[in-house]
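Notes follow the structure.
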Amino acid sequence: MNHVDYARNLKLAFILSSVVIGIGGLYPLLFSSSYVSAQKYVNPIVYHLSSDEPWRATVAISDATTLLKLGHNVTLLLSVEGVQIGVMHPHHYLGLNSLTGNVTNFIADGGNVIICEVCLRIAGYNNSDIIDGAIIGKPEIISNLLSNATVIDY
């Protein structure tokens, strides 16, 4: 190796070590509790539940509740058959009373619940049938909600 190659390799080694040190210095910052806490509120998280199937609904509500307790801004968006778990008296043959209780607890813990108005009507309900604290999802509300959200679909 001649003198020019040696100098070039030394310069490259310095640049690479600077990058590695820079990343090493950045790593604790990216995963520090203050950075993570600040990032929790950047974008809302929306759990979109379009099913009244108990297993699927249970997982969606459980996941949404867990993230809510971690400090995230979480909304449960209920559409299609999922509106059944956002009403006070779901069709009795579905056996969803415990799930509507979980949704009520989610709201009490600070979560948001938005119910698709069209889906609510198709399911045979009206605005007065929804659980306390839930919001009727008019187009402007849903548009605002979804504009910057991370959506998880169940």
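Hydrogens, waters and symmetry mates are skipped; everything else that's a heavy atom, side chains included, is used.
In this structure, the side chains of Leu78 and Val113 come closer than 4.5 Å at one or more pairs of heavy atoms. The closest side-chain heavy-atom distance from Leu76 to Ile114 is not below 4.5 Å. The shortest distance between side-chain heavy atoms of Ser79 and Leu49 does not fall below 4.5 Å. Looking at Val103 and Ile131, their side chains come closer than 4.5 Å, going by heavy atoms from C-beta outward.
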Could you go through residues 62-70 and list every donor-acceptor pair under 3.5 Å that involves a side-chain atom there, pairing it with any protein atom two or more places apart or in another chain?
from	atom 1	to	atom 2	distance (Å)
Asp63	OD2	Tyr154	OH	2.7
Thr65	OG1	Ile61	O	2.8
Thr66	OG1	Ser62	O	3.0

* To do: Please test Asn126 against Leu120 for side-chain contact (heavy atoms from CB on, under 4.5 Å), starting from the C-alpha separation and ending with a verdict.
  => CA-CA 6 Å; Asn126 60 48; Leu120 189 67; 5.9 Å; no
* Asked: Can you check side-chain contact (heavy atoms from CB on, under 4.5 Å) on Gln84 and Tyr125, steps first, answer last?
  -> CA-CA 9 Å; Gln84 292 283 350; Tyr125 297 101; 3.0 Å; yes
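In the hydrophobic clustering of this structure, Ile136 groups with Phe106; members are Ile, Leu, Val, Met, Phe, Trp, Tyr whose side-chain heavy atoms approach within less than 4.5 Å, directly or through other members. The cluster map of Ile, Leu, Val, Met, Phe, Trp and Tyr, joined by side-chain heavy atoms under 4.5 Å apart, puts Val83 and Val118 in different clusters.
The salt bridge (charged side-chain N to carboxylate O under 4.0 Å, His left out) pairs that include a residue from residues 123-134 number zero, where partners must be two or more places apart or lie in different chains. Among residue pairs with one or both ends in residues 78-87, none qualify as salt bridge (charged side-chain N to carboxylate O under 4.0 Å, His left out); sequence neighbours excluded.
Under the 3.5 Å distance criterion, the side-chain polar atoms of Thr75 are left unmatched by any main-chain donor or acceptor of Leu77. Under a 3.5 Å cut-off, the side chain of Thr104 and the backbone N or O of Thr100 do form a donor-acceptor pair.
If you run side chain to side chain contact (heavy atoms under 4.5 Å, CB included) between Tyr47 and each of Val151, Val59, Val74, only Val74 comes through.
Qualifying side chain to side chain donor-acceptor pair (under 3.5 Å) partners for Lys138, counting only residues two or more places apart in sequence or in other chains: Glu117. By the side chain to side chain donor-acceptor pair (under 3.5 Å) test, Asn127 is found to be paired with Arg121, residues two or more places apart in sequence or in another chain being considered. Residues satisfying the side chain to side chain donor-acceptor pair (under 3.5 Å) criterion with Asp109, sequence neighbours excluded, are absent altogether.
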